[in-house]
Amino acid sequence: MTTMQKLLQLPVNAVNIVKTVQSQVQGQEEDKSPVLTPDSGQHSWYSALQPDELRHLRSGGSGGGGGGGSGDHEERAPQEEGGGGGSFQTQPLRHDDLKEMLDSNKDSLKLEAMKRIVAMIARGKNASDLFPAVVKNVACKNIEVKKLVYVYLVRYAEEQQDLALLSISTFQRGLKDPNQLIRASALRVLSSIRVTIIVPIMMLAIKEAASDMSPYVRKTAAHAIPKLYSLDPEQKDQLIEVIEKLLADKTTLVAGSVVMAFEEVCPERIDLIHKNYRKLCNLLIDVEEWGQVVIINMLTRYARTQFLNPNMNESLLEEGSGGDRTFYGSDEDEDEDEEEKEKKAETPAMAKRKPYVMDPDHRLLLRNTKPLLQSRNAAVVMAVAQLYFHLAPKAEVGVIAKALVRLLRSHSEVQYVVLQNVATMTIKRRGMFEPYLKSFYIRSTDPTQIKVLKLEVLTNLANETNISTILREFQTYIKSMDKDFVAATIQAIGRCATNIGEVRDTCLNGLVQLLSNRDELVVAESVVVIKKLLQMQPEKHSDIIKHMAKLTDNIQVPMARASILWLIGEYCEHVPKIAPDVLRKMAKSFTNEEDIVKLQIINLAAKLYLTNSKQTKLLTQYVLNLAKYDQNYDIRDRARFIRQLIVPTEKSGALSKYAKKLFLALKPAPVLESPFKDRDHFQLGSLSHLLNAKAGGYQELPDWPEAAPDPSVRNVEVPEWTKCSSREKRKEKKVEKPFYSDSEGESGPTESADSESDSASGSESGSGSEESASRSESEESEDGSESEEEEEEEEEEKEKKKKKKELKKPVQESESEQSSEEEERKHQRKTKQRKSDSESESDEDEESESESSQSESEESESEAEVKKKKKAAESKPPSKPVKKESKKEKKEMSLLDLDDFEPAPSPQVTPVNTFLSNSLVTDLEGLSLSDTVLSPATIAPSSALKNYELLHRITGEGLSVEYCFSRQPFSPDANMVAVQMQFTNNATADTKNLHIEDVKLQSGMRVKEFSEIELLPAGETATAVMGIDFCDSTQAANFQLCTHTRKFFVSIQPPVGELMRPVFLTENEFKKEQEKLLHNLGQLMGMNEITEKLTLDMKCRNEHTIVQRVTTAANLSRVPCGSDKECRFAGRTVSSSSLVLVTVATKEEGAAQLTVNCEKMVIGTMLVKDILLALTQ
Amino acid sequence: MIHSLFLINHTGDIFLEKHWKSVIGRSVCDYFFEAREKAVEPENVPPVLQTPHHYLISIYRGKLFFLSVIQTEVPPLFVIEFLHRVADTIQDYFGECSEGVIKDNVVTVYELLEEMLDNGFPLATESNVLKEMIRPPTILRSVVNTLTGASNVGDTLPTGQLSNVPWRRVGVKYTNNEAYFDVIEEIDAILDKSGTTVFAEIQGVIEACVRLTGMPDLTLSFMNPRLLDDVSFHPCVRFKRWESERVLSFIPPDGNFTLMNYHVSSQNLVAIPVYVKQSISFFETGPCGRLDITIGPKQTMGKTVEGLMVTIHMPKAVLSANLTATQGTYTYDLATKVLVWDIGKLNPQKLPNLKGSLTTQAGTPKPEDNPSLNIDLKIQQLAISGLKVSRLDMYGEKYKPFKGVKYLTKAGKFQIYIYMFIFLENLMSYLLFEWLQCVLKHSI
């Protein structure tokens, strides 16, 4: 039994009830049936049919077009034969037929009937009289029948409320079904039935569904809220409660729907959003696209109430620089001046304020919406664009331009809306779209409305630099076939001319040329625009006025003629000869002119009379006389009025003295401004903005608050939220999240693809597995894990300090004391973790475990790796932890190292990191000791590294180089000594391409060069590590150090103590090895041991100092020993791994004996010298 | 949000209506009809209209108007985008979006509309989800349905809506697993008369047809992703992955879908595949003009140009055209004044040419308006921007799918300005003549 079929099942008794009621209803219906009681019945179905009938009449009246369509339907519905009039007669019969089919037992018949009924509904025909027959099929088992019945119910339930109640029990039953889909579908239909009686039932159902387990049902509940609200607004308070509850929902499925409900029911309750703000921001990217639009629009409004204007400081500065302003006409200037004034008024208040810092929540919103600019859904892109326009700092708004330009390639309706918004944006932020100027070029195939809008945008974008290209485009547009568009182009040219002074003359000339166009519309439009332009500086253009005067012979468009006449009249002193002549011609044709032209002729006459009465007195009187008897009372009035004003009579009033002032007053130039000016007080992208009128239900975009409301209202009670640092971090991380959070629970396969990116943190805190939990949950857990992480780090920090202290403690301290239990645990855990982390290492593990000492050292190694991984985020540590294994092991380990760290083999590091890594090594060794049998004092004090000069600042022409032996294994080649070089550029110029060339070495020696330092800026310092295999000799390595300009010959000579690396040995092992060296080598006995007597320096009589001095002189490690009279040290040479054993036996009063055992006699001899020097000084 | 939807054909007949809230009478459409009459072309009807009580938002697709009725503030793009989604869905279901098809499947369309919106708010717009609820008709199924009375309605409720991969249905099974990607690029260009590019850009789209079993996770990478300047994705594409690695990583929907749209950065010079030599002139005396057009290949990257077609919107005054084409056929529609020259394949050896005379209405002045010349073409196996798919990897499933990538270049809005020289000369002489007349008159 499928889930759907379950839904269809009604309890037996319910079915019976329905059936009985049904039969009753049917009985009644039959009584009313038109066949039985024609009077009443006819009335009922006639009235029901009325709208349908009207349509038939209308379509018949409107012509054959409609008839064809309806005829088509008739053919497909066999019962419905004949034309419109016929169906009028046959419809009741056909309905009977349908009823019969619905009552039958066969599902196929029922289905057929339902299909026909739905087809009728779709075509807008009335099928309400079938309600009783249909509603009882709500219990039908066939799914499609059932679905169609639902469709019918939702359509007609409102009209037949009583009967609709019969179906309610089915849905109530469905609401309790164990299957979530059935619950959801029942709620959906139940809430769609607009029957007021069931409001309480709906309310109850919604409340229940809002706390349903299934997010899908909760989503349906959110959808049902506005339905109930529109049915009964009284329920608002209760519904708000439900909304509040659903807003707290953490699933993406619900978020979009509930915000939509919020917007429809209680958009003013912005306080409900506070607690959910961050969650909504974070979920946004995974919400379905329609929900995204609603949420973004709502959040825009929210942000306007909660955050400060990010541009409040910048705007002042920008306004001051004012590059933009010059292009705008005077109109814009005025406007901006006002703004500026306002701002100045604000300034004192602002000066007191702290410099603007964006609220992290504000930033969160901007950051989380940005990726949605890449959505395929134009509405989402537009929503983000308006959010950025209204909320982002000026510098960041630019990102939306590209996305909006992309939308211009979409359907023309989308273009239409986008261009409207772009037009508004270009007025405020022109620079944003300037790079995309060409995208607004017009094509002949664009619809006119698009062309006009593009023209608007182009005009807004015009400035001195691009005006020539824009005008060239305009010139091609003028030749278009679309005359409305041409007219708009001419107006656009006019606007460009007023806004950009430089091209005013060019534009005027171009427009004057257009006056010769054969199309009257073009000419007329040009005249009107020229008139406006000339008004700005008439004295310069008397020749154009003259030219236009001549046009009166040809131009017939009244508006254009009127404009010309007005111009001549206004500037008659510039054309003193032509003006009377024009009036003469006009007087001749006066009676045939249009009214507006006549009015202008009167005006012209009056003005000429005042300036040049000698020539025009008669003409004026003639014109006024003609006007006196004109049919139009306006013209008669005007004539009378003017005559009284200008013609002096004995009765003329005081006004006539001022006639000249009245008529020839300076008129202000008209303003040509964009119709999109100031539209941005509407939220962009909204219907209200498009219509430039407030639409019903439009929520005003509030102004920025003066002071930000308390941001803590957005804090959620989870402790992690309030912790500032962790929140910051958390957000950082959120950004790293993939576009589609694949860590959501159900999507198995996606996880693998993306969760990798999180593994860096996961390996440390062990929260990696939690990532795969559903997103909402993982959010919480992430928080948790991170704080945990933090804690852990802190702990480690402490630990490190502790270790350091311990290191300084005398050697004798026992191991058990040192390793506290806690540390031990910690260490073990880490080791375990490491094993699980890097399975690749497990092989080595097994191998090394055979030898205890090695395994220990490797333990420390792995420690280092764990740590390194942790630090990996910051930078790659410059050196590898110390190695103490046999040669074979070593190789393997180094291979491993390579594998692990190959991605960034460059040993370049900054000094800071060097320090870090040094201390790291120290710590590591400390750690490794805590659970080994070795004494802790075997560590070479890393702080005592001695620096040598490689290149002096003066010889190096500003470049100075120092080097030291870092005593760390050189990872690319374990047989090399690591030399750490520090380059300092003391010159004023940058040094480039620092590298090594022309290496001259003794045979057998090898050098691993550091990778080239591409740039060393003046005053900066860089560090690099190179490896040199000295072949256990103290021969210098010579090479050239090259910069991009110079080469310097330098050499590195190692002290013998640096040619070895420490080895950990126990006292017994030490003695054994010493024996071996002494005896096993037979004949050469004695050659491997060099003994020297010495007197210790006064300061150097205690054991601690001895150890320190020896380890400083040579890279050896201390061997634990029982006697306090002897200090033993062990090491191996780097290249050949020959054992080097050193013993210092102290006696009374500073006397001591130094013994060095080594296969390499040269090394031994030199080492003795060095150690002697170190101990006696 | 969306209150009602009316589908209106080009003759102004409402042939389908759907109300998601209470019923709104058809008379509301009268405002639309008024606007429709005012606008000469159907494209020119404003998409948003205001009536005393309602707002009408409409789109024009496939010679049909989809008219939605709105009562309160809603982002207009939201509605427009949704209406286009409706049209897309109908096209997806029935192969085309036309009056006939909708009338034939009126019940299915009605059911679809019912599922797509709930109380005016979009509910299920993903094609894969819808197809699970309401099965698209096939020939076989319609035959079976008529015989057995079975239905098109799915017998299970879709699970897609519940998952977080709503665009893919679960339990997809194919015997042949295949994934095809079509990289289609369009050149939008405006050339001036001399052939200089005024404006040119390349838009691309990757259409995918993926028929893979289970839940495959695909990764598509490009040889040269830097070419892509601006992109928009199907919701399935992981944006972060693209940001960091420039690869497309996604769980594809089942069947056909648009994976991404892109725009090639404007720094790259756009190769213009053809050049056009044209001259259209009208004689001062006599009711005729002359037309001569030759098309030749320019930068075709060694591929053949196919499906070449030239469309010229002639000035209104041109009555008829008497032309000869060396290749292809031409038609001149007297009513719309559109000359269409269908050339077909471009042969570089023998350039196609269209030559002949134009007849203008006697007694009317020479046409003033500029005809515009639009070019349509196709180049197979070439993405003109040079974009190349380097590889497609599949994770999450064991089988080996068949993969294929196809490239295609098309002319998008490819327009060439035409200036009529004779006309301009005429203009000059006309001006002179007028000027002289004025001077003469004035001196008298």
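Note that the structure is predicted; figures quoted are calculated from it, not measured.
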Atom group of Leu83(B) that falls short of 4.5 Å from chain A, counting heavy atoms: neither
Quick one: what part of Val45(B) sits under 4.5 Å from any heavy atom of chain A, side chain, backbone, both or neither? backbone
Can you say whether Tyr416(A) sits under 4.5 Å from chain B via the side chain, the backbone, both, or neither, judging by heavy atoms? side chain
Do Arg376(A) and Glu81(B) meet the salt-bridge criterion of a basic N to acidic O distance under 4.0 Å? no
So what's closer than 4.5 Å to chain B heavy atoms on Gln415(A): side chain, backbone, both or neither? side chain
Heavy-atom pairs under 4.5 Å with chain B - which of Val405(A), Val145(A), Ile478(A), Val414(A) has more of them than the others? Val414(A)
Assess the residue pair Ser444(A) and Gln415(B) against the criterion (side chain to side chain donor-acceptor pair (under 3.5 Å)); give the C-alpha distance rounded to whole Å, side-chain angles, the decisive distance to 0.1 Å, and a yes or no. CA-CA 8 Å; Ser444(A) 61; Gln415(B) 190 177 355; 2.7 Å; yes
Minimum heavy-atom distance Tyr55(B)-Ala695(A), with the two atoms named: OH-CA, 3.2 Å
Honestly, the part of Gln386(A) sitting under 4.5 Å from a heavy atom of chain B is neither
Is there a donor-acceptor contact under 3.5 Å from the side chain of Glu73(B) to the main chain of Ser686(A)? no
Between Ala87(B) and chain A, which part of the residue has a heavy atom less than 4.5 Å away: side chain, backbone, both or neither? neither
Most contact-rich option vs chain A, by heavy-atom pairs under 4.5 angstrom, among Asn374(B), Ile70(B), Val109(B), Thr125(B), is Thr125(B)
Glu289(A)/Arg85(B) salt bridge by N-O under 4.0 Å criterion: yes
Test His223(A) against Phe121(B) for side chain to side chain contact (heavy atoms under 4.5 Å, CB included), laying out the working first. CA-CA 8 Å; His223(A) 275 277; Phe121(B) 192 78; 3.3 Å; yes
Could you pull out the closest heavy-atom pair between Glu158(A) and Ser22(B), with the gap in Å? OE1-CB, 3.4 Å
State, yes or no, whether a side-chain contact exists between Ile59(B) and His411(A) at a heavy-atom distance under 4.5 Å. no
Any side-chain heavy atom of Leu123(B) within less than 4.5 Å of one from Arg188(A)? yes
Can you tell me which portion of Leu437(A) sits under 4.5 Å from chain B's heavy atoms? Options are side chain, backbone, both or neither. neither
Side chain, backbone, both or neither: which part of Val418(A) has a heavy atom under 4.5 Å from chain B? side chain
I'd like to check Val293(A) versus Pro75(B) (side-chain heavy atoms, cut-off strictly below 4.5 Å). Are they in contact? yes
Decide yes or no for Gln374(A) and Val237(B): does some side-chain heavy atom of the first lie under 4.5 Å from some side-chain heavy atom of the second? no
Is a side-chain N or O of Arg406(A) found less than 3.5 angstrom from the main chain of Val231(B), in a donor-acceptor match? yes
Decide side chain to side chain contact (heavy atoms under 4.5 Å, CB included) for Arg155(A) and Val23(B); before the verdict, give the C-alpha distance in whole Å, the side-chain angles of both, and the deciding distance to 0.1 Å. CA-CA 8 Å; Arg155(A) 170 70 178 77; Val23(B) 180; 3.0 Å; yes
Could you check whether any side-chain heavy atom of Pro46(B) comes within less than 4.5 Å of a side-chain heavy atom of Gln449(A), counting everything from C-beta outward? yes
To the nearest 0.5 Å, how far apart are CE in Met260(A) and CG in Asn119(B)? 7.0 Å
Please flag which part of Ile80(B) lies under 4.5 Å from any non-hydrogen atom of chain A: side chain, backbone, both or neither. side chain
Heavy-atom cut-off 4.5 Å, strictly under: side chain, backbone, both or neither for Asn421(A) against chain B? neither
Between Glu201(B) and Ser439(A), which heavy-atom pair has the shortest distance, and what is it? OE1-OG, 4.4 Å
Note: Asp230(B)-Lys402(A) ion pair, threshold 4.0 Å (strictly below): no
How long is the gap from CG on Leu373(A) to CZ on Phe239(B), to the nearest 0.5 Å? 8.0 Å
Tightest non-hydrogen contact, residues Arg194(A) and Lys21(B), listed as NH2-O, 3.4 Å
Is the closest side-chain heavy-atom distance between His84(B) and Asn377(A) below 4.5 Å? no
Interface moiety of Phe250(B) toward chain A, non-hydrogen atoms closer than 4.5 Å: neither
Any donor-acceptor pair under 3.5 Å linking the side chain of Asn44(B) with the backbone of Thr448(A)? yes
Distance, nearest 0.5 Å, that separates OG1 of Thr220(A) from CG of Asp118(B): 8.0 Å
Give, as side chain, backbone, both or neither, the part of Met260(B) having an atom under 4.5 angstrom from any heavy atom of chain A. neither
One should read off an interatomic distance between Glu43(B) CD and Asp446(A) CG, to the nearest 0.5 angstrom, of 11.0 Å
Under 4.5 Å heavy-atom distance to chain B, tell me which part of Glu263(A) shows up: side chain, backbone, both or neither. neither
Heavy-atom pairs under 4.5 Å with chain A, option from Leu49(B), Thr72(B), Asn261(B), Thr219(B) with the top count: Thr72(B)
Between Lys694(A) and chain B, which part of the residue has a heavy atom less than 4.5 Å away: side chain, backbone, both or neither? backbone
Salt-bridge test for Glu115(B) and Lys147(A): reply yes if a basic N is under 4.0 Å from a carboxylate O, no otherwise. yes
Between Ser232(B) and Ser375(A) the two heavy atoms that sit nearest each other are CB-O, 3.6 Å
Give, for atom CZ of Phe414(B) and atom CZ of Arg443(A), the distance between the pair rounded to the nearest 0.5 Å. 10.5 Å
Heavy-atom contact with chain A under 4.5 Å, split by part of Glu114(B): both
Structural part of Glu126(B) lying under 4.5 Å from a heavy atom of chain A: side chain
Can a salt bridge be assigned to the pair Arg409(A) and Asp188(B) using a cut-off of 4.0 Å between side-chain N and carboxylate O? no
Assess the residue pair Leu687(A) and Ile57(B) against the criterion (side chain to side chain contact (heavy atoms under 4.5 Å, CB included)); give the C-alpha distance rounded to whole Å, side-chain angles, the decisive distance to 0.1 Å, and a yes or no. CA-CA 10 Å; Leu687(A) 186 63; Ile57(B) 299 185; 4.3 Å; yes
Chain A contact via Trp20(B) - side chain, backbone, both or neither, heavy atoms under 4.5 Å: backbone
What heavy-atom pair brings Tyr110(B) and Ile121(A) nearest, and what distance separates the two atoms? OH-CG2, 3.2 Å
Could you tell me whether the side chain of Glu413(A) and the main chain of Tyr60(B) form a donor-acceptor pair under 3.5 Å? yes
Flag, side chain of Glu111(B) to backbone of Leu148(A), donor-acceptor distance under 3.5 Å: no
For residues Phe78(B) and Trp290(A), establish whether the separation of their ring centroids is below 6.0 Å. yes
Just so I know, are the side chains of Met1(B) and Val294(A) near enough to count as touching, which here means a heavy-atom distance under 4.5 Å? yes
